[in-house]
Amino acid sequence: MAEKKQTRRRRSIEERIADLERKRQEVLEKQRAALAKIEEEKKRLAQTPAVRKAQVEHQKRFERAVRAIAGDLDHRHFIAIIADAVDRGVDADALAEKGEALLATHGKGRRGRKPRNLSV
C-alpha cells in the first residue's frame with residue numbers, strides 16, 4: 001500500500017484571530033471566577049461575630065427610632081419619603097447629622113431586664 005504523504009495545512013488569519021479571541025474569553029472567564037472567589041472571602045470575613053453584633057445593634061436602634069417617630073408608617077412609606085428627598089436634592093451631610101441626633105434620642109433601648117415571653 002502506498003502511504004499518502006500528509007501535507008501541513010496553514011491556518012488562515014481569520015482562524016488564528018478566532019483562536020486568540022477564544023483564548024481571551026477563557027482568560028476573562030478565569031479572572032471573573034477568581035474575582036468572585038475573592039469577593040466571597042471578603043464577605044465571609046466581614047461577617048465576623050463582632051461585626052454581625054454591631055450590625056444587629058444598629059438595626060435594633062433603627063427599628064426603635066422608627067417606632068418612636070412614625071409607628072404607623074411601613075416600608076412603602078419610607079421608600080417614598082427617601083425618593084422625595086432625593087428628588088429635592090437634600091444635603092446628605094445635614095441629613096446624617098439629623099439622623100444621628102434622632103437615633104441618639106429615640107434609638108436607645110429601655111433600661112432594665114426584658115420581660116420573659118410567657119406566651120410560649
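If you're wondering where the values come from, they're calculated on a predicted model, not measured in any experiment.
- Checked against E40 for a side-chain contact (heavy atoms from CB on, under 4.5 Å), the options R44, K42, K43 give a single hit: K43.
- For H77, the NE2 atom sits in a packed shell: over 12 heavy atoms of surrounding residues, nucleotides or ligands are nearer than 6.0 Å.
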Working for side-chain contact (heavy atoms from CB on, under 4.5 Å), residues R32 and L28: CA-CA 6 Å; R32 282 189 203 108; L28 286 175; 4.3 Å; yes

Quick one, E15 with R10, criterion salt bridge (Lys or Arg N to Asp or Glu O under 4.0 Å). Give me CA distance, side-chain angles, the key distance, then yes/no. CA-CA 10 Å; E15 290 173 331; R10 293 190 70 156; over 6 Å; no

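- Atom CG in L102 sits 10.0 Å away from atom CG in L95 (nearest 0.5 Å).
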Using the rule given for side-chain contact (heavy atoms from CB on, under 4.5 Å), can you reason through Q59 versus V56, listing the C-alpha separation, both sets of side-chain angles and the distance that settles it, and then say yes or no? CA-CA 5 Å; Q59 181 68 26; V56 167; 5.6 Å; no

Does the salt bridge (Lys or Arg N to Asp or Glu O under 4.0 Å) test come out yes or no for E26 and R22, once each step is laid out? CA-CA 6 Å; E26 289 174 0; R22 182 183 45 79; 3.2 Å; yes

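- The number of heavy atoms from other shown groups lying within 6.0 Å of CG (L45) is above 12.
- Note that CG of L35 is 12.0 Å distant from NZ of K37, once rounded to the nearest 0.5 Å.
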Check step by step if side-chain hydrogen bond (donor to acceptor under 3.5 Å, both in side chains) holds for Q25 and E21. CA-CA 6 Å; Q25 291 297 328; E21 184 62 30; 3.2 Å; yes

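- The line from CG of D19 to CZ of R24 is 14.5 Å long, rounded to the nearest 0.5 Å.
- At a threshold of 4.5 Å between side-chain heavy atoms, the hydrophobic network of Ile, Leu, Val, Met, Phe, Trp and Tyr places F78 and F62 in one connected group.
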How far apart are the C-alpha atoms of R64 and E57, what are their side-chain angles, what is the distance that settles it, and do they pass the salt bridge (Lys or Arg N to Asp or Glu O under 4.0 Å) test? CA-CA 11 Å; R64 283 192 294 262; E57 181 57 34; 3.4 Å; yes

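- Linking Ile, Leu, Val, Met, Phe, Trp and Tyr whenever their side-chain heavy atoms come within less than 4.5 Å leaves V90 and I81 in two separate clusters.
- L103 CG to K98 NZ: the interatomic distance, rounded to the nearest 0.5 Å, is 12.5 Å.
- Atom-to-atom distance recorded for L20:CG and I13:CD1 is 11.5 Å, nearest 0.5 angstrom.
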CA sep, side-chain torsions, deciding dist, call: V66, E63, side-chain contact (heavy atoms from CB on, under 4.5 Å): CA-CA 5 Å; V66 165; E63 290 171 0; 5.7 Å; no

